[in-house]
Amino acid sequence: MMRLFSLILFGLAVFTAGLMAPAWAGDEDPLFINLTSDDPHRADMAITFGERQFERGHPLTIFLNDKGVWIGARAQSEIFGPHQVRLGTLIEQGARVLICPMCMKHYGVTEEDVIPGVQLGNPELTGGALFAEDTKTLTW
């Protein structure tokens, strides 16, 4: 009797699982990258991943957060110059790059020092990108 009951429960579980839609990424789901690192290699990984998905049609937002604000600071162009050029190209192509104003203040990055096209984040702008329908997020 117990075996029969277990088989019925197992069959019901398999049947129910088959009715559920799989969690696939849609062809145009937005991507939100939270870039918190000031490590050049990690920054390169994040930007490259974002570029590749943007090329595939996914709307892209890169959020320079915590030590990631250094990537958007002109004063750090000796270290992050190539990253900054790539971010500028992404912005020109329609991607969005946001920077955390609280983190800027903490690390002494001024608005005047931020590379062109990068937008200061705020609850509406950052939240709007992060919580847009079907958005996928990654953090480096």
Side-chain angles (χ1 to χ4, degrees):
M1 185 66 164
M2 187 62 151
R3 185 165 190 256
L4 177 62
F5 182 70
S6 295
L7 285 173
I8 291 171
L9 281 179
F10 178 74
L12 185 59
V14 169
F15 175 76
T16 304
L19 295 177
M20 298 173 60
W24 302 100
D27 289 341
E28 296 179 5
D29 288 352
L31 176 60
F32 185 98
I33 293 178
N34 184 33
L35 182 45
T36 65
S37 177
D38 63 347
D39 176 80
H41 174 67
R42 290 175 58 108
D44 186 47
M45 288 174 29
I47 295 167
T48 299
F49 189 89
E51 286 169 332
R52 297 302 169 263
Q53 297 311 310
F54 187 66
E55 290 167 358
R56 287 169 174 76
H58 295 278
L60 175 64
T61 300
I62 297 177
F63 183 45
L64 304 176
N65 188 20
D66 194 32
K67 291 181 180 180
V69 298
W70 291 120
I71 298 161
R74 285 187 256 202
Q76 298 295 316
S77 63
E78 189 173 307
I79 300 168
F80 298 112
H83 302 82
Q84 293 172 356
V85 169
R86 291 169 61 206
L87 289 175
T89 300
L90 282 166
I91 292 167
E92 289 172 5
Q93 294 172 344
R96 181 181 286 173
V97 179
L98 307 176
I99 192 166
C100 174
M102 195 162 115
C103 301
M104 287 171 56
K105 183 177 180 182
H106 178 78
Y107 291 109
V109 176
T110 64
E111 274 188 65
E112 296 76 28
D113 192 33
V114 174
I115 61 174
V118 173
Q119 300 174 287
L120 265 58
N122 62 51
E124 291 77 27
L125 191 59
T126 307
L130 179 60
F131 298 113
E133 189 171 345
D134 296 322
T135 297
K136 308 301 184 251
T137 61
L138 289 170
T139 297
W140 269 272

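Numbers for residues simply follow the sequence, beginning at 1.
When side chains are defined from C-beta on, Met45 does not count as touching Phe49, because their heavy atoms never get closer than 4.5 Å. Under the 4.5 Å side-chain criterion, counting only non-hydrogen atoms from C-beta, Met104 is in contact with Val114. Side-chain contact between Leu125 and Arg96: present, with at least one pair of heavy atoms (C-beta onward) separated by less than 4.5 Å. In this structure, Leu130 and Thr137 have side chains that are in contact, with non-hydrogen atoms separated by less than 4.5 Å. Residues Phe54 and Leu31 are not in side-chain contact: their nearest non-hydrogen atoms beyond the backbone lie 4.5 Å or more apart. Counting only heavy atoms from C-beta outward, the side chains of Pro40 and Ile79 approach each other to under 4.5 Å. The side-chain heavy atoms of Trp140 and Asp44, taken from C-beta on, include no pair separated by under 4.5 Å.
Of the possible polar contacts, none joining the Lys67 side chain to the Asn65 backbone as a donor-acceptor pair under 3.5 Å is found. Looking at Arg86, its side chain never comes within 3.5 Å of a backbone N or O of Pro82 through a donor-acceptor pair.
Closest approach of Ala73 and Val109 over heavy atoms only: CB-CG1, 3.9 Å. The two residues Thr135 and Ala132 make their nearest non-hydrogen contact at OG1-O, 2.7 Å. Smallest separation of non-hydrogen atoms from Ile33 and Ala46: CD1-O, 3.4 Å. Heavy atoms only, all atoms of each residue included: Trp70 and Phe80 are closest at O-CD1, 3.6 Å. Here the shortest heavy-atom pairing between Phe63 and Ile99 reads CE1-C, 3.9 Å. For the pair Gln84 and Ser77, the tightest heavy-atom approach, listed with the atom from each and the gap, is OE1-CB, 3.5 Å.
Applying the salt bridge (charged side-chain N to carboxylate O under 4.0 Å, His left out) definition to pairs two or more places apart or across chains, none involves residues 110-121.
Residue Cys100 holds its SG atom at 11.0 Å from CG of Asn122, rounded to the nearest 0.5 Å. Rounding to the nearest 0.5 Å places CG of Asp38 at 11.5 Å from CG of Leu64. Note that CD of Glu28 and CG of Asp134 are 11.0 Å apart. Values are rounded to the nearest 0.5 Å. How far CD1 of Ile71 is from CG of Leu87: 7.5 Å, rounded to the nearest 0.5 Å. The CD atom of Glu55 sits 8.5 Å away from the CG atom of Leu90 when rounded to the nearest 0.5 Å. In this structure, CD1 in Ile62 is found 7.0 Å from CG in Leu35, a value given to the nearest 0.5 Å.
Hydrophobic clustering places Leu138 together with Leu60 (ILVMFWY residues linked when any side-chain heavy atoms are closer than 4.5 Å, directly or through intermediates). No single ILVMFWY cluster, assembled from side-chain heavy atoms under 4.5 Å apart, contains both Ile47 and Leu98.
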